[in-house]
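A short write-up of the structure that comes next.
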Amino acid sequence: MIRVRFAPSPTGYLHVGGARTALFNWLFARHNKGTFILRIEDTDQERSTEASIGEITEAMQWLGISWDEYYRQTEHSKRHQQAAQELMDRRLAYEHDGAWWFRVPEQGKITIHDALLGDISFRHEQLKDFVIRRSDGSFVYNFVVVVDDADMRITHVIRGDDHVTNTPRQILLYRALEKPLPQFAHLPMILGPDRTRLSKRHGVTSVLQYRRRGFLPEAMVNFLARLGWSYGDQEVFTRDQLVELFTLQGVGSSAAVFDEVKLHWINQQHIKAANLDRIVELVKPFALKNDLITETMWDQAGKDRLLTGARLLRDRSKTFADLASSIRILFPIPIEKEEEVVLSQHKKDLVQAIIDALDTVQEFTPKNVQEAIRTALKEKGAGLRDIAHDCRMAITGTGVGPGLFDMMSVIGRDLVKSRLKEIL
RNA sequence: GUCCCCAUCAUCUAGCGGCCUAGGAUACCGGGUUUUCAUCCCGGCGGCAGGGGUUCAAAUCCCCUUGGGGACACCA
């Protein structure tokens, strides 16, 4: 039975690097029908916070990374004490300056058999004795992680490769404690555009920030998975496909740069594939965010209109923030125009003809609207080209967008008419 | 500085000795579709870090150089 864990320390939000590590563990567990454990490494009482634990679990839930077992490292203090005492009793550790030190044998070398990196050797001289229990009685990371992983019968330790140099010390501890070694797999790091380890100074690294910016969790998961993992030429994956296809063999060994441009593209792919009802539901908070649109207005907008609007506009949206700003035109609020519309008298006549024509339309469908407008323009000896851009600007505030008749239909007769009158 | 890891287009990557004149994706640049933009379709640009080996054959294996990253705490 495969058992893996993600072990974040709750000293801040979940960043994308941590999320990727969690994701790979989770995919590995789900693919192999194993167990995924979330273990909060909260032994650093100074820096650990409840708020941080909440942020981390919320981010994981948002991403859909579900855990089967949950632990807090501090709950295991007696086990740590017990194990440390055992090493002391067996003279594998000694006390110095009030701290307990693990004795590293002077001769020999230690080899990690890493599932991703192959064999990596360290000579004992490089390691030196190290502290396992501080003089204040608390335990050091390298020690508790081994005790906990052994107790929890972790079979595969999948973590960032910034941990490789910790691994030989940990292996020594496994041996001293007479516990079976897990399989190690060290994931390559995620880098910023400047090729240094991804951090706050590279911009947004909080997973939850991506939710706030209008990204879909499945897009985030897809993107994170493709950072280091691949499956032939395929780029877009559903969560289920990822679970089905994920293997450690598919994981590369070189660091990857976090490319937000590609994240946007993947997000767009998932927005295009998502269920429209969900799109409408998810875009709502973005539309309400800093706008004239109220909750009531949203509810009165009409489900069908919102659905149609979302369908028409989502091909142009990389994020929900994009979609929210374009879907505003469905609401009876003033629209900001990208450019001032100044019409010649001739064009004003055309617009007036269009307004009049709209009144003759029975059911306000794209097809009917088109028919009425084309007919009206033809009678004036004009074509759609002559006035389309101005009409679009009047009713949507922008020169680009979905088909004019589709837009008029979904916006609705009254709103279209009043917006057209504004430019006369 | 010491130790460890990594090295294919700008970026993510396929490639695990012959299928490679190195494939896909993003980005970028054209063209088509569209009233416009986007989507979509077609095309283009662009890379095996360098040098030695091994082999009939190397992007693939080995060594060196260079470059990049990481670790060097009584932090996790």
Side-chain angles (χ1 to χ4, degrees), chain A residues 7-12 41-44 46-48 73 96-101 112 114 116-118 120-123 125-128 130-145 159-169 186 188-198 223 225-236 249-250 252-266 268-269 271-272 312-318 322 326 370 373-374 377 383-393 396 398-405 407:
Chain A
S9 52
T11 56
E41 312 241 305
D42 55 351
T43 48
D44 186 345
E46 292 289 300
R47 295 192 298 153
S48 298
Q73 201 151 49
H96 177 69
D97 281 346
W100 294 5
W101 295 69
I112 307 170
D114 191 277
L116 259 26
L117 301 175
I120 306 166
S121 297
F122 296 83
R123 291 185 307 281
E125 311 85 270
Q126 297 167 220
L127 269 26
K128 293 187 236 149
F130 56 92
V131 170
I132 57 174
R133 180 184 187 267
R134 299 185 190 95
S135 46
D136 68 0
S138 64
F139 297 93
V140 155
Y141 167 80
N142 266 325
F143 180 69
V144 291
V145 83
R159 69 212 329 182
D161 73 8
D162 48 339
H163 282 288
V164 290
T165 47
N166 283 325
T167 309
R169 291 185 183 84
H186 287 96
M189 300 267 82
I190 297 180
L191 275 23
D194 63 353
R195 302 211 126 260
T196 63
R197 186 211 196 103
L198 192 67
F223 176 70
R226 280 291 286 101
L227 235 40
W229 175 84
S230 63
Y231 183 77
D233 287 339
Q234 192 172 342
E235 295 286 348
V236 180
Q249 285 70 45
S253 49
S254 54
V257 172
F258 189 92
D259 179 13
E260 214 174 80
V261 175
K262 189 152 183 176
L263 204 207
H264 276 86
W265 176 78
I266 288 184
Q268 183 176 34
Q269 297 303 307
I271 286 178
K272 279 163 53 180
L312 294 172
L313 294 164
R314 68 168 159 182
D315 282 352
R316 294 158 183 78
S317 308
K318 301 257 192 218
D322 294 344
S326 58
Q370 160 150 231
I373 290 179
R374 285 199 190 273
L377 288 173
L384 185 63
R385 260 206 168 82
D386 300 323
I387 201 68
H389 182 78
D390 297 306
C391 286
R392 180 185 296 287
M393 191 60 68
T396 70
T398 169
V400 301
L404 188 57
F405 308 118
M407 292 312 290

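Note that these values count all heavy atoms, side chains included, but never hydrogens, waters or copies made by symmetry. The model shown is predicted, which means the values in this text are computed figures rather than measured ones. Sequence lines set the chain letters: A, B, ... in the order given, protein chains first and strands last, and positions in each chain run from 1.
- With hydrogens and angles ignored, the 3.5 Å screen pairs no side-chain donor or acceptor of A:Gln126 with any backbone N or O of A:Lys128.
- With B:C4, B:G69, B:A7 as the candidates, the nucleotide lying closest to the side chain of A:Leu191 is B:G69.
- Using P as the reference atom, B:A59 and B:C20 are 13 Å apart when rounded to the nearest Å.
- Nearest to the side chain of A:Ser254, among B:A76, B:A7, B:C12, sits B:A7.
- Summarising the base pairing, B:A7 is matched to B:U66 through a Watson-Crick or G-U wobble pair whose two defining distances lie under 3.5 Å.
- Rounded to whole Å, the separation between the C1' atoms of B:U26 and B:C64 comes to 36 Å.
- The separation of B:U54 from B:U11, taken at their P atoms, amounts to 33 Å, rounded to a whole angstrom.
- Summarising the base pairing, B:G1 is matched to B:C72 through a Watson-Crick or G-U wobble pair whose two defining distances lie under 3.5 Å.
- Comparing B:A76, B:C4, B:U35 by their closest approach to the side chain of A:Gln73 singles out B:A76.
- Spacing of P atoms, B:C61 relative to B:U2, comes out at 28 Å, to the nearest Å.
- In this entry the distance linking CD1 of A:Ile120 with C1' of B:C3 reads 12 Å, nearest Å.
- At a threshold of 4.0 angstrom between heavy atoms, the contacts of A:Phe258 with the nucleic acid are absent.
- Between B:C5, B:A7, B:U36, one nucleotide has an atom nearer to the side chain of A:Leu117 than all others, and that is B:C5.
- Among the protein residues, A:Ser230 comes within range of the sugar-phosphate backbone only, with heavy atoms under 4.0 Å from sugar or phosphate atoms but none that close to a base.
- Distance CZ (A:Arg226) to P (B:G24): 14 Å, rounded to an integer number of Å.
- A:Asp136 comes within 4.0 angstrom of nothing in the nucleic acid, heavy atoms only.
- The separation of B:G1 from B:G47, taken at their C1' atoms, amounts to 34 Å, rounded to a whole angstrom.
- Rounded to the nearest Å, the gap between the P atom of B:A14 and that of B:A25 is 15 Å.
- Residue-to-nucleotide contacts include no donor-acceptor pair under 3.5 Å from the side chain of A:Lys262 to the base of B:A27.
- Between A:Asp161 and A:Met189 there is a side-chain heavy-atom pair separated by less than 4.5 Å.
- Summarising the geometry, the separation between CZ on A:Phe143 and P on B:C74 is reported as 16 Å, rounded to the nearest angstrom.
- Listed nucleotides B:C40, B:A27, B:A76 differ in distance to A:Val261; the shortest reach to its side chain belongs to B:A27.
- Atoms CZ (A:Arg314) and C1' (B:U39) sit 11 Å apart, rounded to a whole Å.
- Within the 3.5 Å criterion, the main-chain N or O of A:Asp315 finds a donor-acceptor partner in the side chain of A:Gln268.
- Checking the phosphate oxygens (OP1, OP2) of B:G69, no side-chain nitrogen or oxygen of A:Thr196 falls inside 4.0 Å.
- For the atom pair SG (A:Cys391) and CE (A:Met407), the distance works out to 13.0 Å, reported to the nearest 0.5 Å.
- The base of B:G24 sits with one of its N or O atoms less than 3.5 Å from a complementary donor or acceptor on the side chain of A:Glu235.
- A:Ala99 comes within contact range of at least one nucleobase, with a heavy-atom separation under 4.0 Å.
- No side-chain donor-acceptor contact under 3.5 Å links A:Asp97 to the backbone of A:Ala99.
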request  = Step by step, work out the side-chain contact (heavy atoms from CB on, under 4.5 Å) result for A:Thr43 and A:Phe143.
outcome  = CA-CA 12 Å; A:Thr43 48; A:Phe143 180 69; over 6 Å; no
What pairs of nitrogen or oxygen atoms, one from the protein and one from nucleotides 19-23 of chain B, lie under 3.5 Å apart?
from	atom 1	to	atom 2	distance (Å)
B:G23	N2	A:Asp233	OD1	3.1

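- Sequence order on RNA chain B of the closest nucleotides to A:Gly228 and A:Asp194 puts A:Gly228 first from the 5' end.
- The listed nucleotides are B:C3, B:A38, B:C12; the one nearest the side chain of A:Gln268 is B:A38.
- Residue A:Thr11 is out of contact with every strand shown, counting any heavy-atom pair closer than 4.0 Å.
- Checking B:U33 for Watson-Crick or G-U wobble geometry (two distances, each under 3.5 Å) identifies no partner in any strand.
- If you take CD of A:Gln234 and P of B:U13, they are 16 Å apart, rounded to a whole angstrom.
- Counting any heavy atom pair closer than 4.0 Å across all strands shown, A:Pro193 reaches no nucleic acid atom.
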query = Which is it for A:Phe258 and A:Leu263 under the side-chain contact (heavy atoms from CB on, under 4.5 Å) test, yes or no, and what are the steps along the way?
reply = CA-CA 9 Å; A:Phe258 189 92; A:Leu263 204 207; 4.3 Å; yes
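- At a threshold of 4.0 angstrom between heavy atoms, the contacts of A:His163 include nucleobase atoms, whether or not backbone atoms are also involved.
- Residues A:Trp100 and A:Val140 fail the side-chain proximity criterion, which asks for heavy atoms closer than 4.5 Å.
- Listed pair A:Lys318 / B:A27 meets the phosphate criterion, a side-chain N or O lying under 4.0 Å from OP1 or OP2.
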task = Would you sort out whether A:His186 and A:Thr167 count as a side-chain contact (heavy atoms from CB on, under 4.5 Å), showing the intermediate values?
result = CA-CA 10 Å; A:His186 287 96; A:Thr167 309; 3.2 Å; yes
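- A gap of 12 Å separates the C1' atoms of B:G15 and B:A58, to the nearest Å.
- Within 4.0 Å of A:Asn166, counting heavy atoms only, lies at least one base atom of the nucleic acid.
- We find that CD of A:Gln269 is positioned 8 Å from P of B:U26, with the value rounded to whole Å.
- Closest to the side chain of A:Ala388, out of B:C74, B:A76, B:U35, is B:U35.
- Straight-line distance between the P atoms of B:A38 and B:A71: roughly 43 Å, to the nearest whole Å.
- If you measure from atom OH of A:Tyr231 to atom C1' of B:A25, you get 17 Å, rounded to the nearest angstrom.
- When the nucleotides B:U35, B:U11, B:G70 are ranked by their closest atom to the side chain of A:Asp259, B:U11 comes out on top.
- Each of B:U11, B:A76, B:U26 was ranked by its minimum atom distance to the side chain of A:Arg195; first place goes to B:U11.
- Contact annotation: A:Arg197 reaches the phosphate of B:A71 (side-chain N/O to OP1 or OP2, under 4.0 Å).
- Comparing B:A27, B:C74, B:A38 by their nearest atom to the side chain of A:Asp315 picks out B:A38.
- We find that CG of A:Leu227 is positioned 16 Å from P of B:U26, with the value rounded to whole Å.
- Within 6.0 Å of OH on A:Tyr141 lie more than 12 heavy atoms contributed by other residues, nucleotides or ligands.
- The base of B:C6 does not come close enough to the side chain of A:Ser253 for any donor and acceptor atom to sit less than 3.5 Å apart.
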Audit row: A:Val164, A:Leu117, side-chain contact (heavy atoms from CB on, under 4.5 Å) steps and yes/no = CA-CA 10 Å; A:Val164 290; A:Leu117 301 175; 4.0 Å; yes
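- Atom OG1 of A:Thr398 sits about 8.0 Å away from atom NE2 of A:His389, to the nearest 0.5 Å.
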